Amino acid sequence: MAELMPILLVLAVGIVLLLGYPVALSLGGTALAMALIGEWFGYFDPAFIAALPNRVYGVMTNETLIAVPLFVFMGVMLERSRVAEHLLDTMALLFGPMRGGLGISVTVVGMLLAASTGIVGATVVTMGLLSLPTMLKRHYDPSVAAGTICASGTLGQIIPPSIVLVLLGDVLSSAYQQAQLDMGIFSPETVSVGDLFVGALIPGLMLVAGYIAYMLGVAVFRPQAVPAIPAAERPRHDARFWLRVLQVLLPPLTLIVAVLGSILYGIATPTEAASVGAVGALLLAASHRQLGVETLFAVVRQTTIVTSMVFLIFIGAAIFSLVFRGFGGDELVTEFLSDLPGGTVGAVALVMLVLFLLGFILDFIEITFVVVPIVGPVLLAMGLDPVWLGVMIAINLQTSFLTPPFGFSLFYLRGVAPPALRTSQIYWGVAPFILIQLLMLALLALFPALATWLPHQVYQ
């Protein structure tokens, strides 16, 4: 019976989640209830729960996690300062004269917003509200328009500074040290959030290039699906126009360079760079005359809500992790993954499949805090590079959030799309982008250097 307790714990949490209870409370409450039952029958040592205060204190004193509220503040402030609106308008005029130009402009703006905010839901909703009506008015194929917006919005998962990468980097750092200690290495190497940021740059830019290549392909083979803006409605590309482009592009690009550049050149840690980004977002809002008391209050309130949710989930996940370990669940996972046919390849393939399916029902925060600490040490003990594993997980979750019928990005767009846009059109529209992301996963699996080469060059 004792061997079944970890499985029963996971099943019990799944049932409670399906009943609609909040994730953080479901994780912590169900784990505590199962711990009491286990202690009653002599299957659980309460000393594991005694370690919880140290875990919570460790979260409170973790400097890396300070980046979370700072990046959230930066993203919400940029959303309120109408940066996305100005970018979309200007990029549409810049690329509009070519077929597929609106789609390319949405992809470019999605990339810039991802590098500025790192918040997927806000990006999808913002671009859905601003660009979808324009694309449909310009007679874009509804499926192509919806797919482009959904896919571009999810770039916030992989392009730094991404909150996903911040949380993954912190969890993988602990998992990597635990894996090395389990292997008898008592002076373990470390992996940082900065490593993960740098490792995600090339795959993220390759995804952007893949999206643009697809749009150009549609323009060649289905030109009627992505028409150009009529010549009569195009502005003259004179000095005044290019000055406008420069005025719109320069501030967010400067912010991106300040945040990422300070990390890449070792000037600042990700947490310090996040504070630079937060100040930069305030200056951008002020330059757009959007920085008022009401705006600041709303941004701080939203930041507090999101940050509180993240850390409450962290505490619930810590309780679940301790109880799971107390029941011997980590040993069960280690034995199961080690005995799989195919060795390391089989273990990675199964974990990626499980994470992909969990992405249908759980947000990246729960998956990062609950699942990765369980499977991470096992996979890293098999000799996998932590940066490569982190980038693979991020793109895998990005693909999951885009996949019908449960992808979160699809729900975000459905919530702001006009009724005339059918749900089936959204589903068909994202299919080519899912294939592009699966291709990126395959390339990363075959060529891990896509994620590991740049960190070695930057930090050596």
Side-chain angles (χ1 to χ4, degrees), residues 3-11 13-14 157-158 164 168-169 171-185 188-189 191 196 199-200 203 206-207 320-321 324-325 327-362 364 366-403 406 434-453:
E3 294 79 7
L4 294 177
M5 291 303 291
I7 300 173
L8 292 176
L9 172 60
V10 173
L11 289 175
V13 170
Q157 291 277 109
I158 187 63
V164 179
L168 261 179
V171 171
L172 282 174
S173 176
S174 301
Y176 191 39
Q177 292 187 33
Q178 182 184 331
Q180 292 176 90
L181 292 174
D182 291 342
M183 292 186 291
I185 302 172
E189 298 179 4
V191 59
L196 214 54
M206 287 179 67
L207 276 178
F320 174 86
S321 177
F324 187 80
R325 188 160 293 154
F327 282 131
D330 52 345
E331 298 170 6
L332 188 67
V333 171
T334 302
E335 292 175 7
F336 177 73
L337 292 178
S338 301
D339 294 339
L340 279 175
T344 304
V345 175
V348 171
L350 180 64
V351 168
M352 288 297 164
L353 177 61
V354 170
L355 291 176
F356 182 83
L357 295 175
L358 286 175
F360 288 158
I361 55 174
L362 296 177
F364 70 88
E366 296 94 66
I367 293 173
T368 301
F369 288 158
V370 178
V371 183
V372 177
I374 294 172
V375 300
V378 184
L379 294 178
L380 294 173
M382 294 178 176
L384 298 178
D385 187 285
V387 173
W388 175 83
L389 182 61
V391 175
M392 285 285 287
I393 291 173
I395 295 181
N396 187 19
L397 292 179
Q398 179 186 355
T399 310
S400 176
F401 294 163
L402 197 60
T403 302
F406 303 111
I434 293 171
L435 292 177
I436 292 170
Q437 292 185 183
L438 291 175
L439 176 61
M440 188 67 243
L441 277 173
L443 287 173
L444 269 175
L446 292 172
F447 306 104
L450 290 172
T452 60
W453 175 79

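As the structure is a computational prediction, the values presented were derived from the model and not from experiment.
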Go through the steps to decide whether L435 and L439 satisfy the test side-chain contact (heavy atoms from CB on, under 4.5 Å), and finish with yes or no.
CA-CA 6 Å; L435 292 177; L439 176 61; over 6 Å; no

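- Judged as a side-chain contact (heavy atoms from CB on, under 4.5 Å), and not counting sequence neighbours, the contacts of V351 are L337, L355, V375, L379.
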Test log, rule side-chain contact (heavy atoms from CB on, under 4.5 Å), inputs Y176 and V387:
CA-CA 10 Å; Y176 191 39; V387 173; over 6 Å; no

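- Side-chain contact between F356 and T403 is present, with heavy atoms from C-beta onward closer than 4.5 Å.
- Residue W388 comes nearest to L384 through the heavy atom pair CZ3-CD2, 3.9 Å, listed as atom of the first residue, atom of the second, then distance.
- In terms of heavy-atom proximity, P386 sits nearest to L196 at O-CD1, 4.3 Å.
- L380 CG to Q178 CD: the interatomic distance, rounded to the nearest 0.5 Å, is 9.5 Å.
- Atom-to-atom distance recorded for M392:CE and M440:CE is 9.5 Å, nearest 0.5 angstrom.
- Closest heavy-atom contact between A175 and G376: CB-C, 4.1 Å.
- Summarising the geometry, atom CG belonging to L357 is positioned 13.0 Å from atom CE belonging to M352; distances are rounded to the nearest 0.5 Å.
- In this structure, the side chains of V10 and F320 come closer than 4.5 Å at one or more pairs of heavy atoms.
- Of all non-hydrogen atoms in A451 and L444, the two that sit nearest each other are CB-CD2, 3.9 Å.
- Note that CG of L402 is 12.5 Å distant from CG of L397, once rounded to the nearest 0.5 Å.
- In terms of heavy-atom proximity, T368 sits nearest to P373 at O-CD, 3.1 Å.
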M206 vs L443, test: side-chain contact (heavy atoms from CB on, under 4.5 Å). Steps then yes/no.
CA-CA 10 Å; M206 287 179 67; L443 287 173; 4.1 Å; yes

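- Among all heavy-atom pairs drawn from P377 and V372, the shortest one is CD-O, 3.9 Å.
- I367 CD1 to N396 CG: the interatomic distance, rounded to the nearest 0.5 Å, is 8.5 Å.
- Note that CG of L207 and CD of Q157 are 11.5 Å apart. Values are rounded to the nearest 0.5 Å.
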